[in-house]
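Counting starts at 1 for both ligands and their atoms, following the listed order.
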Amino acid sequence: MNVSPGREPAIRVSMMPKDTNIHGTIFGGVILSYIDQAGAVAARPYAPVRMVTVAMKEVVFKEPVLVGDMVSFYAQVTHVGHTSVTVHVDVEAERFRPYGLRVPVTAADVVYVAVDDAGNKIPAVKDGSGA
Ligand SMILES: CC(C)(COP(=O)(O)OP(=O)(O)OC[C@H]1O[C@@H](n2cnc3c(N)ncnc32)[C@H](O)[C@@H]1OP(=O)(O)O)[C@@H](O)C(=O)NCCC(=O)NCCS
């Protein structure tokens, strides 16, 4: 987990009761979905047309996410290949109670591939300058 002070998250989400399992904590799959979205925000400037997710590496949940938590998803591009872009996403929950307590939840490496409108892979934009 590497969330440096002042670093801006790609997305921040407040967790609602609709996202809980029967134990009252947030579904892991909900967090995975936001990881994918946050990674895509960082990866998008490297896609001339659009990106698809090809792989999400092992994700281990160290702490639960609770209803009312404000969850931040920090995304950083770590590798740009020929057609692929790898993004590291750190997830941190800010507790509703005790208010403001920050807890590292998980991290993931997500790989996106640049594709054209037909879904065929195409070269990524090496410098992330967009289309
Ligand atoms: C993404 C897709 C276009 C790739 O096509 P492909 O012919 O299988 O592509 P390749 O095997 O040549 O891989 C393309 C790039 O992805 C990388 N890649 C593929 N599988 C990977 C994996 N499991 N882990 C890490 N990188 C991977 C390759 O290393 C390559 O990177 P590079 O060009 O930078 O060297 C195709 O697999 C696809 O359409 N998948 C579905 C994507 C999708 O719909 N995602 C949402 C699911 S709901």
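A donor-acceptor contact closer than 3.5 angstrom links the side chains of T53 and D36.
Only the side chain of V113 comes within 4.0 Å of ligand 1, counting heavy atoms alone; its backbone N, CA, C and O stay farther away.
Scanning D116, V54, V52 for the heavy atom closest to atom 37 (O) of ligand 1 points to V54.
Short contacts between ligand 1 and V111, defined as distances under 4.0 Å to a heavy atom of the residue, involve ligand atoms 25 (C), 26 (N). Which parts of ligand 1 touch G81 is read off a 4.0 Å heavy-atom cut-off, strictly below it: atoms 34 (O). Those atoms of ligand 1 that come under 4.0 Å of a heavy atom in A55, given as number and element, are 22 (C), 23 (N), 24 (N).
Distance check on atom 20 (N) of ligand 1: some protein heavy atom falls below the 4.0 Å cut-off. For atom 2 (C) of ligand 1, the nearest protein heavy atom lies 4.0 Å or farther away. Proximity of atom 26 (N) of ligand 1 to the protein is indicated by at least one non-hydrogen atom lying closer than 4.0 angstrom. Counting protein heavy atoms under 4.0 angstrom from atom 43 (C) of ligand 1 gives one or more. By the definition of a contact as any protein heavy atom under 4.0 Å away, atom 9 (O) of ligand 1 is in contact. For atom 40 (N) of ligand 1, no protein non-hydrogen atom is found at a distance below 4.0 Å.
Taking the side chain as every heavy atom from C-beta outward, V85 and V111 never approach each other to under 4.5 Å. Counting heavy atoms from C-beta on, the side chains of V77 and Y46 come closer than 4.5 Å. Looking at K18 and T20, their side chains never come closer than 4.5 Å, going by heavy atoms from C-beta outward. Taking 4.5 Å as the limit, every side-chain heavy atom of E94 sits out of range of all side-chain heavy atoms of L101.
Protein heavy atom nearest atom 14 (C) of ligand 1, with residue, atom name and distance: T83 OG1, 3.5 Å. Scanning the protein heavy atoms around atom 31 (O) of ligand 1, the nearest turns out to be S84 OG, 3.2 Å. Of the protein's heavy atoms, K121 NZ, 4.6 Å lies nearest to atom 13 (O) of ligand 1. Of the protein's heavy atoms, T53 O, 2.8 Å lies nearest to atom 45 (N) of ligand 1.
A donor-acceptor pair under 3.5 Å is formed between the side chain of T106 and the backbone N or O of V60. Judged by distance alone, with hydrogens and angles left aside, the side-chain atoms of D127 form a donor-acceptor pair with the main-chain N or O of S129 at under 3.5 Å. No donor-acceptor distance shorter than 3.5 angstrom exists from the side chain of K62 to the backbone of A107, with no hydrogens or angles considered.
Note on F27 and V71: same hydrophobic cluster, where clusters join Ile, Leu, Val, Met, Phe, Trp and Tyr whose side-chain heavy atoms are under 4.5 Å apart, directly or indirectly.
A salt bridge between D90 and R7 is present, with a side-chain N of the basic residue lying under 4.0 Å from a carboxylate O of the acidic one.
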